[in-house]
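Note sheet for the following structure.
Because the structure is a prediction, the values reported are computed rather than measured. Just so you know, residue 1 is the first one in the sequence shown, and it goes up from there.
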Amino acid sequence: MTATPTSKPRPVALPAALTVKELGDTLGVSAVEIIKRLMTHGVMASMNQSIDFDTAAIVSVDLGFDPSEAGAVETAPAAAPVAEEEAPDDPALLKPRPPVVTILGHVDHGKTSLLDTIRKTKVAAGEAGGITQHVGAYQVERNGNTITFIDTPGHAAFTAMRARGAQVTDIAVLVVAADDGVMPQTAEAISHAQAAGVPMIVAINKMDLPGANPDRVKQQLTEHNTVVEDYGGDVIAVPVSATKGTGIEDLLDSISLVAEVAELKANPDRPGQAVVIEAEMDPSRGPVATLLVKNGTLRQGDAIVVGEISGKVKAMFDYKGARIREAGPSTPVVVMGLDVAPEAGERVRVVADEKTARQIVDERKRGREADEQTDHAHVNLDTLFNEISAGKLKELIIILKTDVRGSAEAIKSSLERLSTSEVKVKIIHAGTGAVSDSDAMLAEASNGIILAFNAKTDPSARKRADATGVDIRSYTIIYQLLEDIEKALAGMYEPVYNTVVDGHAEVRQLFKSSKLGQIAGCFVLDGTLRRGSNVRVIRKGAEIAKSRCEGLKRFQDDVREVASGYECGVVLSGFDKFAEGDVLEFIHEERAN
C-alpha cells in the first residue's frame, strides 16, 4: 500500500558536521522538511547552512532514524587559544597618518555634491532615487598631504551605516543646507558624531541660494549641543557652496587644522588592522570588501581574519581601481580573497598564517554557538504560534536579500522599527547576493516573504516561489520598500477569511509507524489533497477533529499533492485515531475581498 510501516528506527551514520541539504539527501527527505523540523527545535537554518552532529541527530530521531556518528576519531589536544587582542604600540614607533573624514548630514543637503566638488568628479547623477546607496571611501591630495574621506548616506533608513561611519572616523564634517536648516537626520548625525567622540566641523552648504540663512543654522545647532565658534563654542563652521565651489579651500584648511591638533599617528611597521567599510558579491570577482586600514600595513598575500571568516589577500586595489601591493594607515582598499562577503563594520586582523586564521575563526564560532545554544533552547515554534493566536500579536516573517551588507543592516533596522503591538516584523535571514533556491525554501518553510533590494532572483528560486506561493518583492529605492511593508502591515489587522474545500478522501486502511503513529491509507474521492492543508476528520457525518496535513505519500514517495481517483497515505499533525470509513475533508482559508 502507500505507506509501509517501519518496525524499528533505521540506523544512519552521520558525519560530525553536514549541511541541511546533505542531511535531507542522507535521510531521503526534502530539505524543506529538514528546515521545518529544525524550526520546531528553535533552530533557523538555510539549505546550505552547516549543522553539527547533535542537531542532525535530533532531527533524524524525529524522522524515525537511529543516528550514529560516522568516522569518529580520537580528538587531538586542543591548540592553545590565540590571543584576540594585540599588544599596544610603542609610542616611539608611531608616525603621522592622514586624517579619516566622514561626511554626515540630511538627505539632499549636498553631502555627495560636496565630496564630488572636492574630488573634482561627478558621481551623484546616477544614484537611484537621488540617494547614495553605498558607502564610498576616497582620498584627495592637498598641499602634499593626504585626506581620506568616507561618504555615508543621509537617508533615515541608513542610520546604522552613518553610525558605523562615525566609528571609523577621526573628523566628522556635518553638512547642513543653509536654506533648510537642521533636520531630523541632521540631529541623528550629530548624535552619532558626539557618541563616537570625534571632533566635528559644520559645512553650511548651498550658500549661493537666495534663502540661505547661516545664522539660523548656527542657532538651531545650539539646540543640539553644538555651539559654533561665532557663538563662543569650539565647533568650526564653514560656509560653502558645492555647486559653485566656493568655501571648499576654507573647509579643507579647517580639516587640516583639526587633524594637526589631533596629532593622528599609527605604526605602519606592524601587521595590518582594518575595518570593513563595505562588502558585496561581485558577479565577476566574487566577494569583495572595501577596507579602511586603521593601523599597520596590509599587504598582498597576508592571511586575515574578518569576524568569522578567514582568508588571504589575493589582490588589492586603491579607491581609483589601480592594483596595489600594500596599504598603510588611513588607506581605503578593495580586497579580494575572502570566501564570503563580510559584515560591514567587522574588524580585520592580519595573522601569522592561514592555519592561525582558521583557528581564530573556529574559536569565535564555538564561542558564538555556545552563546546561541541557550537562546535556541527557549525558542519553540509551537509556543510561538500559541502566543500569536492567544492575543492580537501577528508576525510578518521576512527574508531580506540586498546587493551589499550595508544596505542589509540598514533596511533590517528600519523594518524592525515598523513593528507595532499588533504586528511584529521578524527578519529571520538577511544576506547579500541573488535570491536563491535556498531562500525560497526558507520562506516556504517559515511562511515568510522575500524582499530583494538591488538583488536579482535566480530562475530556480522564482520557479519554486511560483509553485509554492512565496511572495518575492523587488525594489531599487528604499522609500518604496518601506512604504509597501507599512501597507502590508496595515492590511494584516483582523482580516476576514472564507473556508474553501479542496477535496475529500475516505480512510480505507490503517498502518502503524513507530515514529508517526497511525497512518491513514486513503482513496481520494474528489478534488485535490495538498500537503500543508487544514483537514477536518468526519466520522458518521460529524466532525471529530481538525488538524493539518503533515505528510502525503504515494507508495514510498513523499508528494506535495494527490488528485482524485488515486490512493495515498495521509499523516495528520497531532491526530492518529483514524477509523476505516472516516472522511478527511481538505480545506484552506482565502481572504475575503
Side-chain angles (χ1 to χ4, degrees), residues 82-102 135-141 145-150 152 163-172 193 195-199 255-256 258-279 288-319 324-338 342-354 356-357 360-361 364:
V82 180
E84 286 283 355
E85 299 297 331
E86 296 185 3
D89 290 297
D90 182 344
L93 301 177
L94 300 180
K95 299 177 182 178
R97 64 171 178 83
V100 179
V101 180
T102 300
V135 171
Y138 315 93
Q139 286 189 310
V140 297
E141 297 288 336
N145 297 318
T146 301
I147 302 174
T148 299
F149 284 93
I150 297 177
T152 64
R164 184 184 65 247
Q167 288 165 355
V168 300
T169 193
D170 301 310
I171 302 169
V198 297
I255 292 172
S256 299
V258 173
E260 185 177 343
V261 171
E263 295 185 342
L264 304 170
K265 294 182 179 181
N267 178 9
D269 301 317
R270 67 172 295 163
Q273 297 174 332
V275 175
V276 179
I277 297 298
E278 191 51 274
V288 295
T290 301
L291 312 181
L292 176 69
V293 181
K294 295 287 290 179
N295 198 12
T297 298
L298 185 65
R299 294 180 173 85
Q300 182 175 318
D302 280 345
I304 57 175
V305 175
V306 188
E308 293 184 2
I309 305 168
S310 62
K312 185 176 182 179
V313 180
K314 294 180 180 178
M316 280 199 306
F317 306 87
D318 64 15
Y319 71 97
I324 57 177
R325 299 191 63 85
E326 63 179 38
S330 301
T331 304
V333 290
V334 175
V335 169
M336 296 170 54
L338 297 170
E343 294 281 353
E346 289 276 15
R347 292 170 56 193
V348 182
R349 176 182 166 193
V350 172
V351 296
D353 49 41
E354 291 181 82
T356 303
I360 293 174
V361 167
R364 290 180 179 178

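Other residues, nucleotides and ligands contribute over 12 non-hydrogen atoms within 6.0 Å of the CD atom of Glu141.
Atom-to-atom distance recorded for Arg325:CZ and Gln300:CD is 4.5 Å, nearest 0.5 angstrom. The CD1 atom of Ile304 sits 11.5 Å away from atom NZ of Lys312, with the distance rounded to the nearest 0.5 Å. Between atom CD1 of residue Ile277 and atom CD1 of residue Ile150 there is a gap of 4.0 Å, rounded to the nearest 0.5 Å. Atom-to-atom distance recorded for Arg349:CZ and Ile360:CD1 is 4.0 Å, nearest 0.5 angstrom. Distance check: Met316 CE to Thr331 OG1 gives 9.0 Å after rounding to the nearest 0.5 Å. Atom OG1 of residue Thr297 and atom CG of residue Asn267 lie 8.0 Å apart, to the nearest 0.5 angstrom.
Ala266 and Asn295 get closest at one heavy-atom pair: CB-OD1, 3.4 Å. Closest approach of Glu354 to Ala303, counting heavy atoms only: N-CB, 3.6 Å. Residue Gly307 comes nearest to Val361 through the heavy atom pair O-CG2, 4.4 Å, listed as atom of the first residue, atom of the second, then distance. Shown here for Ile309 and Pro342, the closest heavy-atom pair between the two residues is CD1-CA, 3.7 Å. Of all heavy-atom pairs spanning Val198 and Ala172, the tightest one is CG2-CB, 4.1 Å. Minimum interatomic distance between Ala327 and Val333 (heavy atoms only, all atoms of both residues): CB-CG1, 3.4 Å.
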**Report entry** Full working for side-chain contact (heavy atoms from CB on, under 4.5 Å) between Glu260 and Asn145
**Finding:** CA-CA 11 Å; Glu260 185 177 343; Asn145 297 318; over 6 Å; no
Requested in this report: Run the numbers on Phe149 and Ile147 for side-chain contact (heavy atoms from CB on, under 4.5 Å), then give the verdict.
Outcome: CA-CA 6 Å; Phe149 284 93; Ile147 302 174; 3.5 Å; yes
Report task. Could you give me the CA-CA distance, side-chain angles and deciding distance for Val100 and Lys294, then say whether side-chain contact (heavy atoms from CB on, under 4.5 Å) is met? Result -> CA-CA 9 Å; Val100 179; Lys294 295 287 290 179; 5.8 Å; no
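Checked against Val305 for a side chain to side chain contact (heavy atoms under 4.5 Å, CB included), the options Arg347, Glu346, Arg364 give a single hit: Arg364. The side chain to side chain contact (heavy atoms under 4.5 Å, CB included) test with Asp302 is passed by exactly one of Val348, Val335, Val313: Val313. The residue from Ile255, Thr148, Val258 that alone fulfils the side chain to side chain contact (heavy atoms under 4.5 Å, CB included) condition with Val101 is Ile255.
Using a distance-only test at 3.5 Å, with no hydrogens or angles considered, no donor-acceptor pair links the side chain of Ser310 to the main chain of Ala357.
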